[in-house]
> 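Mind having a look at this structure? Questions to follow.
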Amino acid sequence: MTNRQPPAPGTTASRPKVRLYVDQPLGEGQPVSLSQEAAHYLLSVMRLGEGAELALFNGRDGEWRAVIRQAGKRACAVECLAPSAPQQNPPDLWLIFAPIKKARTDFIVEKATELGVARIQPVQTEFTNAERIRRDRLQAHAIEAAEQCGATFVPPVEELQPLARLLTNWPEGRVLFWADEARAGSGGTPPQSAAHGPAAILIGPEGGFSPTERARLAALPFIRPMALGPRILRADTAAVAAITLWQAQHGDWT
């Protein structure tokens with residue numbers, strides 16, 4: 001568990017500065033038993049003790065102000081007091097991307113969480129460098145990003161799967177915006193015709209998509225090619241740019 005920071009500027013001042021994700025029900029008077037790792041963070045890293053307040057969220061019940069009732073070496077018991085922020089789910093937007101180098105893949109997951117996506121799906125393409133991922137580690141990065149930015153939702157990070165399989169089983173009614181580096185300079189705004197409804201963004205690997213993959217993507221009826229400005233972007237930059245474009249036009253930023 002890395003050191004977490006207070007919520008981003010703009011959050012309610014009365015909310016506790018220390019935020020913690022827990023996979024347990026939250027409600028008034030609800031007791032919460034923290035893991036040893038979480039207890040260490042609160043008691044040893046943040047130097048909190050009995051009576052100290054913090055914020056808890058689980059991705060479902062909003063954010064709750066809570067108080068530490070018991071602070072021991074082996075256990076830390078917390079009780080929920082009152083809601084401090086409502087549950088705010090992101091738009092129904094998926095991020096689909098080919099994993100790259102470890103630190104840059106971590107960056108993609110963190111920023112996708114902060115910008116607001118509902119699901120993160122790593123895919124294996126013909127030119128993907130990484131053959132496997134640590135899904136649990138990436139999920140932990142998503143949790144930490146949500147803790148830091150004041151979010152009440154944590155997008156699930158799915159297991160790596162082949163792009164071909166994902167396209168074969170693509171859900172009906174969901175538009176897939178393909179960030180096509182070949183379209184650099186042709187404009188970067190997603191089509192207005194797909195402004196509403198479930199959507200996803202596809203970011204390719206560092207080497208781009210293979211000719212076979214490009215031909216298949218271009219032929220699929222649910223694909224909407226999009227450009228990201230006049231320059232070809234690195235994969236991690238492209239993910240941030242594409243989510244920003246979509247959120248500003250079709251998401252919950254407007």
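Residue numbers start at 1 and run along the sequence shown.
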> Say whether E63 and S84, considering side chains only, have a donor N or O and an acceptor N or O under 3.5 Å apart.
yes
> Taking all non-hydrogen atoms of both residues into account, name the closest pair between F97 and V109 and its distance.
CZ-CG2, 4.3 Å
> Are a donor atom and an acceptor atom from the side chains of R216 and T168 found within less than 3.5 Å of each other?
yes
> Please round to the nearest 0.5 Å and tell me the distance separating atom CG of L167 and atom CG of L217.
6.0 Å
> Do L160 and L176 share a hydrophobic cluster, counting only Ile, Leu, Val, Met, Phe, Trp and Tyr and linking them when any side-chain heavy atoms are less than 4.5 Å apart?
no
> In Å and rounded to the nearest 0.5 Å, what is the CG to CD distance from N58 to Q30?
10.0 Å
> Rounded to the nearest 0.5 Å, what separation is found between the CG atom of L202 and the CG atom of L163?
6.0 Å
> With a distance cut-off below 6.0 Å to the six-membered ring centre and an angular limit of 45° from the axis, does R174 pair with F222 as a cation-pi contact?
no
> Supply the atom-to-atom distance E50 CD to L43 CG, rounded to the nearest 0.5 angstrom.
9.0 Å
> So does C149 get a backbone contact from the side chain of E114, meaning a donor-acceptor N/O pair under 3.5 Å?
no
> Quick check: are there more than 12 heavy atoms from other residues, nucleotides or ligands sitting under 6.0 Å from CD of Q70?
yes
> Does the side chain of R119 come under 3.5 Å of the side chain of Q121 through a donor N or O and an acceptor N or O?
yes
> Check for me whether the distance between the ring centres of Y21 and F57 falls short of 6.0 Å.
yes
> Once salt bridge (Lys or Arg N to Asp or Glu O under 4.0 Å) is applied, do any residues pair with D180, and if so which ones, sequence neighbours excluded?
R183, R214
